[in-house]
Amino acid sequence: MSVMNILEAIRDALGTEMAADDRVILLGQDIGKFGGIFRATDGLYAQFGGERVIDMPLAEGAIIGSALGLALSGLRPVAEIQFLGFARQAFHQIVSQVARMRHRSRGRFAASMVIRAPFGGGVRTPELHSDAVECQFAQAQGLKVIAPSNPYDAKGMLLAAIRDPDPVLFCEPLHGYRSIKGDVPSSAYTVDFSKANVVRQGNDITLIGWSSAVNVALRAAEALATEGIEATVVDIRSLLPLDVGGIVAAVESTGRCVIVHEAPLTAGFGAEIAATLAREAFYSLQAPIERVTGPDAPYPLAGAEQMYLPGVDRVVAAARRTAQGQ
Amino acid sequence: MSVMNILEAIRDALGTEMAADDRVILLGQDIGKFGGIFRATDGLYAQFGGERVIDMPLAEGAIIGSALGLALSGLRPVAEIQFLGFARQAFHQIVSQVARMRHRSRGRFAASMVIRAPFGGGVRTPELHSDAVECQFAQAQGLKVIAPSNPYDAKGMLLAAIRDPDPVLFCEPLHGYRSIKGDVPSSAYTVDFSKANVVRQGNDITLIGWSSAVNVALRAAEALATEGIEATVVDIRSLLPLDVGGIVAAVESTGRCVIVHEAPLTAGFGAEIAATLAREAFYSLQAPIERVTGPDAPYPLAGAEQMYLPGVDRVVAAARRTAQGQ
Amino acid sequence: MSTPVISQFPYRGDPVAPVRLLEVDGTLTGGGGSVPPMDDEQMLSALWLMMLSRAFDDKGTSLQRQGRFGTFSAVRGQEASVVGSALALDPARDWIVPQYRELPALVNHGLPLESFILYFSGHPAGGYIPEGVRLLPIQISIAAQLPHAVGLAWGLRLQGLDAVVLVYFGDGASSEGDFHEACNLAGVVKAPVIFFLQNNGWAISTPRSRQTAARTFAERAPGYGFDGVVVDGNDLLAVYAATRAAVERARAGGGPTLIESQTYRLGAHNTADDPTRYVAEEVLDSWRDRDPILRVQRYLAACGRWNESIAAKAQEEISQTIDAAFAAARAVAPPTAEDLFLHTYAELTERQARQLREYEMPATGPANG
Amino acid sequence: MSTPVISQFPYRGDPVAPVRLLEVDGTLTGGGGSVPPMDDEQMLSALWLMMLSRAFDDKGTSLQRQGRFGTFSAVRGQEASVVGSALALDPARDWIVPQYRELPALVNHGLPLESFILYFSGHPAGGYIPEGVRLLPIQISIAAQLPHAVGLAWGLRLQGLDAVVLVYFGDGASSEGDFHEACNLAGVVKAPVIFFLQNNGWAISTPRSRQTAARTFAERAPGYGFDGVVVDGNDLLAVYAATRAAVERARAGGGPTLIESQTYRLGAHNTADDPTRYVAEEVLDSWRDRDPILRVQRYLAACGRWNESIAAKAQEEISQTIDAAFAAARAVAPPTAEDLFLHTYAELTERQARQLREYEMPATGPANG
Ligand SMILES: Cc1ncc(C[n+]2csc(CCOP(=O)(O)OP(=O)(O)O)c2C)c(N)n1
Ligand SMILES: Cc1ncc(C[n+]2csc(CCOP(=O)(O)OP(=O)(O)O)c2C)c(N)n1
Ligand SMILES: [Mg+2]
Ligand SMILES: [Mg+2]
């Protein structure tokens with residue numbers, strides 16, 4: 001057990017599984033000697049060599065498309081896309097090919113592979129680097145879309161993802177890469193990401209998020225507690241599939257809910273959660289479900305990002321309103 | 001005024017605007033002499049020549065990316081993508097480039113262009129051709145995503161789209177191309193697609209859809225009427241931007257709502273509509289909002305598509321339940 | 001300007017002539033001096049596959065017109081290109097990654113004809129490829145299979161196998177970004193993959209001349225770090241020999257080859273297409289003269305291995321094979337609601353299970369939850 | 001096999017030598033016999049731009065380290081490549097479509113230095129390009145600008161203008177599908193576009209050798225139906241001459257050219273990068289010897305047009321220009337909530353208007369509705 005940040009937890013997971021399973025190989029831009037632009041693969045090239053930690057040409061479609069072929073050959077590729085916004089270059093490969101291979105072949109071919117990509121804002125990256133586009137993949141039935149919020153989950157969910165028979169898009173919180181720290185066991189363990197995680201218990205309202213929004217929600221919950229409002233905070237962990245039972249239970253127990261995410265409001269994944277809850281928990285809801293999200297606008301250049309991001313203040317304000325509404 | 005199907009209405013709109021505005025040019029695969037795989041551009045090559053009706057190499061990214069450049073040069077390109085499922089090959093160009101050009105350049109450059117593509121199932125097309133992926137574009141702020149349900153709207157919305165200063169993804173109902181007919185004025189006219197259209201009035205329940213789902217909803221409304229349930233049917237016309245005021249008013253007046261679409265349930269655009277209504281019309285809702293959609297699975301091969309598609313029966317059943325729930 | 005700049009890579013001159021071994025009249029190129037790369041027995045087997053393909057195209061088209069079969073893309077005219085390339089592989093270790101117009105290659109590699117029929121009838125069971133058959137599923141999304149083939153070839157090699165992967169695609173497919181990304185990666189990692197480009201003159205209605213301004217597709221290969229070859233795609237022997245050479249090179253660690261097989265689609269893009277709108281009858285005729293099947297029959301007839309009675313017997317056998325396959329496909333039970341969901345993931349998700357229950361008990365269950 | 005198949009397009013031999021007009025020591029290639037394509041005045045203006053670029057890199061980097069400027073990508077080492085190409089264009093009719101590493105080209109074409117600073121400071125106002133300046137915005141998504149450039153060039157020509165479009169991109173960018181699709185389309189429609197590939201040896205930490213197995217990038221051009229040229233990218237005159245030739249060809253209706261400018265990134269990918277992790281010091285040193293600025297200064301010194309006092313005066317002027325631009329950028333008011341929404345569409349949507357009101361009155365308004 002040691003204290004790690006999310007990046008260290010991810011690196012630890014990759015190294016652990018590569019040592020345990022020869023079939024695991026990494027591919028991506030600048031992940032070799034350089035160790036990745038965020039150092040997620042630092043040291044792995046030295047340890048496992050260039051045949052297992054592979055620098056790829058600058059072509060996201062080929063990274064994903066060839067990873068699918070590598071998976072079919074019997075390997076377990078873990079592909080890095082430098083920023084989730086550039087997974088759009090491989091959208092056709094991810095959504096039409098990777099996600100559907102099992103279904104298309106009626107079970108003969110499984111695309112057992114992981115696509116890792118950081119996403120989200122707050123660290124002053126250039127245009128398109130901060131786009132929270134996870135929801136654009138959440139309709140790709142056949143793909144799993146997951147997003148850890150803390151180092152413990154990062155390691156355990158990544159190990160689970162690599163061992164998963166289905167393809168997993170593993171969305172990493174760029175913002176928390178170095179700033180979010182926590183205890184991480186040094187042994188191998190998996191986290192069952194199919195279950196939403198109640199990270200805080202409270203009776204008055206339920207805050208729901210994933211990735212770095214969970215941390216915003218937790219800080220909002222602390223602020224609300226000083227006002228006497230006790231919040232449950234749920235980390236959904238997985239967008240696709242969604243743990244419907246888990247979130248319904250968490251909202252039924254409070255009757256009130258605020259969802260937090262970085263993507264714009266319209267067609268963000270908060271819509272799916274709100275729509276599901278508004279139906280399944282209809283008779284328990286005592287106030288409208290609110291969504292605190294990025295505004296309906298492209299992610300801005302760095303100088304305006306703090307205005308764009310859904311902050312603790314906005315979550316607190318929405319939660320206060322929701323807790324009081326009836 | 002004459003009776004046209006949707007395909008004829010689209011062809012009429014294209015011809016009308018090309019005759020009126022020299023800047024309008026068409027580009028796409030097989031749209032020239034061949035007239036398009038569905039004949040949407042039939043006759044236009046003969047009428048306007050190969051410099052304005054342009055056959056493109058088989059590369060969706062280049063079709064969209066060069067259309068953006070053509071727009072910046074001062075022309076008004078209308079690009080055809082043969083099936084919306086193949087717009088994924090151009091996803092990075094549509095979502096990261098076309099949608100953002102105005103914002104990126106702080107208003108200097110407008111990507112005034114239209115992308116036309118049929119979508120949806122029911123006509124036994126091969127794999128990927130029927131995918132209803134309109135929602136995957138609905139988070140692309142800067143883009144408009146619209147979908148007519150009948151010939152009158154098809155012509156009027158397409159003319160409005162070509163004249164729109166912003167880029168428009170114009171999603172055409174593959175299923176209704178030839179089967180849905182109606183009166184279409186021969187003159188040029190526009191339909192304000194920013195407003196949802198109430199296509200049927202009823203007091204008991206509101207059915208919401210777009211594209212061919214509107215026709216499913218209308219047929220369900222007729223069936224419901226025989227049981228004494230009178231439905232309002234709303235055609236949202238535009239997913240992005242969404243006419244929030246229009247749909248809220250239509251649901252407040254009945255207190256009950258069923259949303260219909262072809263895409264899978266999870267992360268389909270029905271989620272955005274349901275989430276919005278569940279909040280904005282919270283105090284009027286007398287029953288949970290239901291979504292009748294494609295199942296959470298890839299669109300199947302043709303032999304199974306009738307099971308996949310949300311049919312009149314399923315809408316009627318959901319509406320009945322909703323009308324009775326409280 | 002005072003100092004003229006010379007382009008080291010000018011675009012000029014005529015396209016190169018394709019490799020040819022068998023002339024249209026069935027004689028060997030350059031006279032009888034050279035030994036053909038296939039013996040008579042091999043050529044007879046190849047001919048059988050080519051004729052099976054042609055007969056299937058006829059049968060499938062007529063059934064489709066009667067509404068008894070789905071839309072599919074005929075191989076007609078490209079039989080030498082498809083069969084010659086497929087026969088250069090070893091089905092016990094090599095893989096084929098298809099587009100959608102390669103029926104006889106798939107059959108030779110082990111796909112039951114019945115699966116192909118089920119697939120194009122729209123039955124979900126048609127997607128299944130039997131265990132042990134080294135084929136990826138038919139690809140509908142143009143060019144998307146190319147990076148898969150590279151990854152598969154590279155992965156097999158990383159695991160120490162000596163397998164080669166051959167990927168089929170068209171002149172149209174060569175314009176997609178996936179083509180470029182796949183070729184470039186294959187060059188960098190020296191994947192044992194053969195890019196087999198069937199230049200059949202058309203992508204639906206789009207002529208080759210509108211697809212690219214390049215004189216040949218094969219000349220793109222050195223720009224990715226490997227060799228390019230142009231073959232007469234209607235010449236079984238040339239296609240076979242060029243593919244064999246590429247297989248041997250790949251197997252020996254020499255990396256990829258791009259083969260441009262110059263052939264011609266002798267008919268519609270698929271059974272929903274009407275080529276009379278865009279193909280000139282004279283051009284079609286000139287290609288009918290170069291029919292790849294006739295060429296092999298002429299050669300074998302000159303060797304005394306082909307005559308009318310052998311032909312009639314083969315036709316009869318082929319026709320029975322095809323009829324049996326259609327009958328078997330027709331006997332498969334229609335798809336159920338479960339077929340919609342199964343194999344989306346290794347296991348049904350909660351939501352899928354709930355949706356499936358709803359299908360099975362529509363009256364009582366809630367809508368998709 | 002009995003019949004060997006010859007690849008008509010073999011991958012072998014050494015890469016070609018780049019076009020060079022000015023030697024490292026500042027003498028003209030081949031002795032004084034040839035007349036340089038630029039006169040001394042033009043070379044002095046070019047040098048000024050190159051030095052401005054270098055000085056901006058220094059200043060920007062030091063401000064960035066102090067937290068007073070954002071992350072940006074220096075031009076260092078590529079000044080001849082960027083400036084020589086840009087000067088071959090006519091800013092009154094030709095367009096530049098940039099990647100992100102071409103500061104002096106943008107400035108020469110009319111972009112206020114202050115805009116560039118605002119952009120890399122993360123101020124939304126930095127995205128604005130003044131009316132009349134023929135530049136597309138800086139492109140962050142690698143290679144995405146290439147099809148835009150083709151469409152723009154083609155569209156201007158369709159409208160009867162004689163404008164040429166030059167698009168910048170890197171060796172890394174050449175691996176993206178967008179590169180291929182754009183080149184192929186440009187060949188088909190004969191767009192007046194120049195694909196100016198700056199091969200600076202690296203894509204972040206990825207070396208040229210891992211980017212492609214091709215010997216040169218330029219040799220891909222004939223595979224798209226146009227000419228390819230390799231130039232010494234550290235030679236102002238060669239870059240200028242090759243680009244001029246391409247501009248003239250494009251203007252005359254001769255279509256596209258692919259120019260590979262072989263240069264070297266003399267430093268980090270951007271101010272967040274640490275190249276000591278992957279670049280060998282000896283290699284860097286060998287390229288420092290080939291510094292494109294020194295080469296021009298040596299030439300001009302030999303002509304009596306450059307000496308220490310002229311240099312000092314130029315440095316002073318440049319330094320004032322840069323300081324003034326930073327000061328002007330700092331004087332711009334910080335972004336407001338309105339900046340988030342404006343220009344998403346021609347008009348605010350209802351939802352945006354409501355969200356903006358919420359920003360402006362956070363206490364009272366509802367959450368995003
Ligand atoms: C990505 C994509 N775009 C468009 C289509 C529609 N389409 C189907 S076949 C075809 C032409 C393919 O031409 P080619 O690659 O030459 O193969 P051929 O049919 O000639 O064998 C097109 C455009 C598709 N299936 N996929
Ligand atoms: C589509 C995409 N993928 C990845 C990145 C991350 N990235 C930024 S710069 C760069 C390298 C670009 O190399 P090159 O094109 O050679 O340009 P250079 O920086 O050398 O001028 C990468 C991979 C990106 N910006 N866009
Ligand atoms: Mg073809
Ligand atoms: Mg570079």
Side-chain angles (χ1 to χ4, degrees), chain C residues 1-12 16-19 21 34-37 174-181 184-190 209-231 237-238 241-242 244-246 248 255 257-258, chain D residues 1-12 16-19 21 34-37 174-181 184-190 209-231 237-238 241-242 244-246 248 255 257-258:
Chain C
M1 200 177 320
S2 53
T3 323
V5 173
I6 308 299
S7 301
Q8 300 97 330
F9 303 103
Y11 168 67
R12 63 166 172 253
V16 301
V19 174
L21 302 181
S34 56
V35 182
S174 73
S175 295
E176 288 280 5
D178 277 340
F179 162 79
H180 172 72
E181 297 189 7
N184 189 51
L185 175 62
V188 170
V189 302
K190 279 206 157 199
S209 59
R210 189 78 201 165
Q211 201 59 249
T212 184
R215 289 156 302 195
T216 64
F217 294 95
E219 70 189 274
R220 292 188 185 154
Y224 299 120
F226 48 85
D227 281 14
V229 191
V230 186
V231 291
L237 297 181
R244 273 301 287 263
E248 280 161 23
T257 305
L258 171 58
Chain D
M1 203 178 319
S2 53
T3 323
V5 172
I6 308 300
S7 301
Q8 299 96 330
F9 302 102
Y11 167 68
R12 62 163 172 253
V16 301
V19 174
L21 301 180
S34 56
V35 182
S174 73
S175 295
E176 289 279 6
D178 278 340
F179 162 79
H180 171 72
E181 297 189 8
N184 188 51
L185 175 62
V188 170
V189 302
K190 279 205 155 201
S209 58
R210 189 79 199 162
Q211 202 59 250
T212 184
R215 289 154 304 194
T216 65
F217 294 95
E219 70 190 274
R220 292 187 185 156
Y224 299 120
F226 47 85
D227 280 14
V229 191
V230 185
V231 290
L237 297 181
R244 272 302 285 264
E248 280 161 24
T257 305
L258 170 59

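Letters A, B, ... mirror the listed sequences (proteins, then strands); counts begin at 1.
Only the backbone of C:Ala17 comes within less than 4.5 Å of a heavy atom of chain D; no side-chain atom from C-beta onward does. The contact between D:Tyr224 and chain C is made by backbone and side chain atoms together, counting heavy-atom distances below 4.5 Å. Only the side chain of D:Phe179 has a heavy atom closer than 4.5 Å to any heavy atom of chain C. For D:Ser174, the part lying near chain C is the backbone, with the side chain staying farther off; criterion is any non-hydrogen pair under 4.5 Å. When heavy atoms are compared at a cutoff of 4.5 Å, D:Glu176 approaches chain C by way of both its backbone and its side chain.
Nearest heavy atoms, C:Ala214 versus D:Gly223: CB-O, 3.0 Å. Minimum heavy-atom separation, C:Gly228 to D:Ser7: O-CB, 3.5 Å. Closest approach of C:Gly187 and D:Ala213 over heavy atoms only: O-CB, 3.5 Å. Nearest heavy atoms, D:Pro222 versus C:Phe9: CG-O, 3.6 Å.
Chosen from C:Val229, C:Leu237, C:Thr216, C:Val188, the residue pairing most often with chain D at heavy-atom distances under 4.5 Å is C:Val188. Residue with the most contacts toward chain D among C:Ala221, C:Pro18, C:Ser175: C:Ser175 (heavy-atom pairs, distance under 4.5 Å). Among C:Leu258, C:Val19, C:Asp227, C:Val16, the residue with the largest count of heavy-atom pairs under 4.5 Å with chain D is C:Asp227.
C:His180 contributes no side-chain N or O that, together with a main-chain N or O of D:Asp178, makes up a donor-acceptor pair within less than 3.5 Å.
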